[in-house]
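Since the structure comes first, as structure tokens, the remarks are kept for the end.
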Number of protein chains: 2
Amino acid sequence: MPRPSTPLLSPDRIRSVALAIIDRDGLDGLSMRKLAASLGVQAASLYGHVRTKDQLLNDIASSVLSAVDVSGFSVDWREGLIRCARSYRAALSTHPNIVPFLAYGPAGRDESLQRLDLLHGALVDAGWSRREATMIAAGLMYIVFGSALSSFSSGFSSDPADYTDRYPHLDRAHLLPGVARELDRDSFELALAAFVRGL
Amino acid sequence: MPRPSTPLLSPDRIRSVALAIIDRDGLDGLSMRKLAASLGVQAASLYGHVRTKDQLLNDIASSVLSAVDVSGFSVDWREGLIRCARSYRAALSTHPNIVPFLAYGPAGRDESLQRLDLLHGALVDAGWSRREATMIAAGLMYIVFGSALSSFSSGFSSDPADYTDRYPHLDRAHLLPGVARELDRDSFELALAAFVRGL
DNA sequence: ACCTGAACACCGTTCAAGT
DNA sequence: ACCTGAACACCGTTCAAGT
């Protein structure tokens, strides 16, 4: 009996199923064993295609972040900053459960550094000093990651009834899941606009 | 033989040793078994004083955040925002390894909500709408958490030599650990100043 | 070449049992 | 009242063995 011509596993298939599990069950919901089971395979088999779980997560993160758009700097540095931040946030909110991983370890992924390098170069070309360019880029990332992480939707909208009595100023209406998403976006836009205007 | 009058364990002692381990070995470096060993005890014994590991981390987080200062709003809302953000960042940078936990789960800790409530109320008193107050508070938290997380020091200062060729614009000097800390602080101050000025 | 079984060194948590 | 031993249901990863 000849072996089946196509193998069961490939790095691409592993990554896409892993991302689906993360989207569904959260970052903690992904284990190599569960991933293997979803692929119809034993856990050990994964290590023929993937070096470690950490490396797998890094690869997934890179692919999620490939949607970030740094093309706006050809127009104007303010426009570039805004477009970069918006597309960054959009990419992260497509797969919110992977954000804790991004925010965790060192951001030494190649694509991230490439983008940062481009952004940095554009700011220097626009007349900022190298040091200022670094700080501006950092500030932009603060707003992007801050908004992706400490969002109201995932933050504390679980049980509005608990809050009403104890926190008189907090507006109960803002904690409803539907409103929270919109509020998250508006808060991000406000922070971004204030930051860029204040530079 | 009478039992020793003072028990080996107490919630306080558990929390303080756990925080020391986190500071030394990182968030992933804390396990209930290692914590128990550091306390001269078996892992199971911890569960007489602590409900779960997650609850333990929440309690530690609350104690770290108790240093946040929201008193500045009695002066002026801009001063209040700045003082709150600075003390928040200072508290987080005293124990940077616990920040990923804070950024992770829902921020439903009582003290956090109390502070948020006070901040919110102060902004409304200053004339902002409830919705605007919520967004401003969120934006401030974006900068605080963003700066605590995606810091350059822990971010990508590990091996400057790798970067030189590949990323022409990135300033190698900014990646040295000593400079990185200072740059982190200045980036935070720049983002904070730009944000508050831009409001 | 690709996958498996079994093992190693870990986890958080529970619970009957000891003192 | 406080701690322990042993167990349960998990982890990530390795490696000889099978096809």
Side-chain angles (χ1 to χ4, degrees), chain A residues 1-62 97-98 100-102 104-106, chain B residues 1-62 97-98 100-102 104-106:
Chain A
M1 210 66 175
R3 47 263 167 284
S5 50
T6 56
L8 290 165
L9 260 32
S10 76
D12 265 1
R13 209 164 95 79
I14 292 174
R15 277 195 289 271
S16 95
V17 172
L19 183 53
I21 293 175
I22 290 170
D23 287 342
R24 179 163 43 85
D25 302 338
L27 194 57
D28 285 341
L30 177 74
S31 77
M32 296 303 268
R33 288 169 145 95
K34 193 201 278 187
L35 172 57
S38 293
L39 289 157
V41 112
Q42 295 302 117
S45 313
L46 296 171
Y47 290 86
H49 302 82
V50 150
R51 206 143 45 136
T52 65
K53 184 185 182 182
D54 196 70
Q55 184 59 54
L56 172 60
L57 287 170
N58 262 292
D59 291 345
I60 292 171
S62 284
N97 290 341
I98 213 185
F101 174 79
L102 287 177
Y104 203 116
Chain B
M1 211 65 176
R3 47 271 168 278
S5 51
T6 57
L8 289 165
L9 261 32
S10 76
D12 264 1
R13 208 164 97 79
I14 293 174
R15 277 195 289 270
S16 95
V17 171
L19 183 52
I21 293 176
I22 290 171
D23 286 341
R24 177 163 44 86
D25 302 338
L27 195 58
D28 286 341
L30 178 73
S31 77
M32 295 303 268
R33 287 169 146 95
K34 194 201 278 187
L35 173 56
S38 293
L39 289 157
V41 113
Q42 294 303 118
S45 313
L46 297 171
Y47 290 86
H49 303 82
V50 150
R51 206 142 48 134
T52 66
K53 185 185 183 182
D54 195 70
Q55 184 59 55
L56 172 61
L57 286 170
N58 261 293
D59 290 345
I60 292 171
S62 285
N97 290 340
I98 213 186
F101 174 79
L102 285 178
Y104 202 117

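In what follows, chains carry the letters A, B, and so on, assigned in the order in which the sequence lines appear, proteins first and then strands, with residues in each chain numbered from 1. Nothing here was measured: the structure is a model prediction, and the numbers come from that model.
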Select one nucleotide: of [options], the one nearest the side-chain heavy atoms of [X].
X	options	answer
A:Y47	C:dT13, D:dT13, D:dT4	D:dT13
B:L9	D:dC3, D:dG12, D:dT4	D:dC3
B:T52	D:dC15, C:dC15, C:dT13	C:dT13
B:M32	D:dC3, C:dT4, C:dG12	C:dG12
B:R33	D:dT14, D:dC3, D:dA7	D:dA7
B:K53	D:dT13, C:dG12, D:dC15	C:dG12
A:S45	C:dT4, D:dG12, C:dT13	C:dT4

Is there a side-chain contact between [X] and [Y] (heavy atoms, below 4.5 Å)?
X	Y	result
B:L35	B:K53	no
B:L9	B:V50	no
B:L46	B:L39	yes
B:L30	B:L57	yes

| said: At 4.0 Å (heavy atoms only), tell me whether A:S31 reaches a base, stays on the sugar-phosphate, or touches nothing. | reply: sugar-phosphate
| message | Would you measure the distance from the C1' atom in C:dA1 across to the matching atom in D:dA17 and give it in whole Å? | response | 15 Å
| message | In whole Å, measure the gap between the P atoms of D:dC10 and C:dA9 for me. | response | 22 Å
| message | A:Q55 and side-chain hydrogen bond (donor to acceptor under 3.5 Å, both in side chains): which single residue from A:N58, A:T52, A:D59 fits? | response | A:D59
| said: Under a 3.5 Å cut-off for both contacts, is C:dA6 paired Watson-Crick or G-U wobble with anything, and if yes, with which nucleotide? | reply: D:dT14
| Which nucleotide, in any strand shown, forms a Watson-Crick or G-U wobble pair with C:dT19, with both distances under 3.5 Å? | D:dA1
| query | Given atom CG of A:L46 and atom C1' of D:dG12, what is their separation to the nearest angstrom? | reply | 11 Å
| note | The residue, A:K34 or B:H49, whose nearest nucleotide of DNA chain D is more 5′ is B:H49
